[in-house]
Every structure is written in structure tokens, then in C-alpha cells.
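Below is one structure, written out as C-alpha cells; the observations come after it.
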Amino acid sequence: MKFILKLAKIILIFIFCSIIISCGTSDDPGDVIIPDNTINNFILNNSNYSVLATALNRTSLDSVLNSTMQQYTIFAPNNSAFNSFLSENDYTNINDVPLKELENYLRYHIQPGASKLSEFPDGYIRSLGTGNASDRLLSMYTSTLDDSFYINNEAEVVVSQGNILLDNGYLNPISTFLSLPSITDFLLVSQQSSDDSFANILSESTSENYLARLEDEDAVFTILQASEEAIANYLSENNYAVINDIPQANLQKIIDNHIIPQENVRTEAIEDSLQVTANSGALLNFYEDNGPKIKLENNEIINIITPNIQAVNGVIQIVDRVIE
């Protein structure tokens, strides 16, 4: 009898230890837990994104979007959007797109971090894509109007269909493939509320088509974009009713003071001070003092109120004064 009780105790101890071991090892750091609802798996399991799935696989971004080590927000172009992109660029299929180019396009559709649409500003955010002028991450302009969320005023997310929560972030369906933005694209999308825009100043020049020039992806520019409020103040201070009232000589000087050619001047480059030359020949001293600023040759101080809007062919710094 004693032998049977002793044997029963041994069996119970063995069973108890087995349970502890099996429970403990499921959460051990060395275990590989494969998530089943990642961004990549969602795309793979939805036939409407089959072209995107092929593109992600070709660029190895599928493994990035299958990992739960990082969180992402993706604006996912459907097959129709992707096929329009291929057709517009004379590609027969996804394999015709140069690999590095395809990867950069895809990265431009991806945001670092998991964010709901309501958490994005009416303003600029970063993508994971890069441009020709710099290895810095390209910006994109987001805005919300009524029941829709817009990217660069180009692609629309219907809010009720977005914010698809997955294991490693959010997916938002879009039916327009995002193009990589030039400086002109940002000048046009960011100032829609009035006629007092820097894009309108550029378009009033009779000497050159600046908006066309600033679309050139092979050139590099830094643009000091005067804000709408800055332009409105300039018009009022000089008794001009509209931009068209500014004499061409004055207008040209303003334009040349706000364009820095062959430079991608970002505020991270400011150490003590950074001196650059505008298209007019004027010396501009960038420095930091409770925010990035520019000191002109006449000692006037210009505040950079929205820094480092990175486009494919340069960067925009939004400033609070018109530089005459």
C-alpha cells in the first residue's frame, strides 16, 4: 500500500512539473511567435491587393510588414491604382519597374509608427521614401475634409473604410497610387485657402515659369516659402490689393530672395550658423535661437515656422516674412 501511495506521489509530481515547463516555455524569449494578422498577411489574403503583394515580395518589404517588432501605417494602393501607375509609366507589369525605384515608391506609401487617421495633422508628416536631393525622408501633406482623408490632395481614404487595425499597425485603402512629390507639388497642395500663396507669387512672374522649373527632379533647390499670412501682411504694408499689383521688378526680387539654388538646406545642418546665398546674391545666415531663424544682411530676422518639408528635388522652409 505504501508503495502504491509513493508511486502516485511521484506521478503527480511529474505531471505537475510537466505542466509548469510547458506553460513556461510558450513565452520564453527564444520562442518564435508568428503573428497571423500582420499588414503583409492582410494584403496577401485580399485579392484586391495582389499587385501590391507582388511588389512587396519583389522588394523584400513583405518581411518588414510581416514583423511585429515595429509598427507601421500603410496607405495601400489597390490593383486598379497600381495598374494605372504601371500604364502611365509604360510598364507592362510590376517586374518592369526598376527595383530601387519600386522600393522607394512603396516606402513612400508607408509611415513609421501606428497612427489612426484622426491622429495625423492637417499638415506635413514623414514617409519612409527618399528623393534625389537628399537621403532625408520625403514629406507628405495630409488633410481631413468631411468624411475623407487626403494625401497630397492626390489620394483619398474614406475614413469609414480606413483605420484597419492589424498586429503591426494600420492599413488604409487608397485607389490612387502616390507619386513622389516635387517642390511644386507641395507649393500647390499646401496653400489652397486663399489667393495669397507663394505659388501665386511664382506664377505671376513674366520672366520664367517657376512652377515648371521647380518640378525638375534633376535639379536641387531650397525654397523659403512665405506663409499666406506673411504675404497678406506684405500686401497690406505696401498698399497692394492683390499679388498682381506688385511691380514685376519688385516681384522678381522677392522670388530671387526666396530661392536658394543647388542646395538642400535643412535646419539639422545648422551648428553655430550656416550661411547660404540666395538666387539674388543675398547672403542668408541660418541659426538656432528658440527655433530656426534666418538673419538677413540688413539684420532683419526671419522665423522658419514650418521647417524641412522634403521633396524629391529639394526642401521647403516656410517663413513668416516676405524677403524684399
Can you say whether the rings of Tyr124 and Phe186 are parallel (under 30°), tilted (30 to 60°) or perpendicular (over 60°)?
perpendicular
CG-OG1 distance between Leu106 and Thr59, expressed to the nearest 0.5 angstrom:
5.0 Å
Atom pairs and distances, side-chain donor-acceptor, residues 278-288, under 3.5 Å, sequence neighbours left out:
residue : atom : partner : partner atom : Å
Asn279  : ND2  : Asp256  : OD1          : 2.9
Ser280  : OG   : Asn257  : OD1          : 2.5
Ser280  : OG   : Ala282  : N            : 3.3
Asn285  : OD1  : Gln275  : NE2          : 3.1

Partner set under ring-ring contact (aromatic ring centres under 6.0 Å, His included) for Phe82, not counting sequence neighbours:
Phe177
Give me each pair satisfying salt bridge (Lys or Arg N to Asp or Glu O under 4.0 Å) with a member in residues 299-313, each pair once, sequence neighbours excluded.
Glu300-Arg321
Do you see a donor-acceptor pair shorter than 3.5 Å between the side chains of Asn79 and Ser50?
yes
May I ask you to check whether Ser179 and Glu154 show a side-chain donor-acceptor distance below 3.5 Å?
yes
Linking directly or through intermediates, with side-chain heavy atoms under 4.5 Å: list the remaining ILVMFWY members grouped with Val158, chain and number order.
none
Restricting to salt bridge (charged side-chain N to carboxylate O under 4.0 Å, His left out), what partner residues turn up for Glu103, sequence neighbours left out?
Arg107
Can you run down the salt bridge (Lys or Arg N to Asp or Glu O under 4.0 Å) pairs that involve residues 113-134, sequence neighbours left out, and say none if there aren't any?
none
Distance-only side-chain donor-acceptor flag, Thr38 / Asn168, under 3.5 Å:
no
If the condition is salt bridge (charged side-chain N to carboxylate O under 4.0 Å, His left out), which residues does Glu208 pass it with, not counting sequence neighbours?
Arg213
Should side-chain heavy atoms under 4.5 Å link Ile, Leu, Val, Met, Phe, Trp and Tyr, which residues sit in the same cluster as Leu99?
none
Residue pairs passing the ring pair (Phe, Tyr, Trp, His ring centres under 6.0 Å) test where at least one lies in residues 248-268, sequence neighbours excluded:
Phe198-His258
Note: Ile94 and Leu86 closest approach over all heavy atoms is N-CD1, 4.0 Å
side-chain hydrogen bond (donor to acceptor under 3.5 Å, both in side chains) involving Thr92 - partner list, sequence neighbours excluded
Asp96
Test question: given the 4.5 Å side-chain rule for I, L, V, M, F, W and Y, name all other residues clustered with Leu145, or answer none.
Tyr150
Residue pair Ser207 / Gln252, side-chain donor-acceptor N/O under 3.5 Å:
yes
For residues 219-245, which residue pairs qualify under ring pair (Phe, Tyr, Trp, His ring centres under 6.0 Å), counting only residues two or more places apart or in two chains?
none
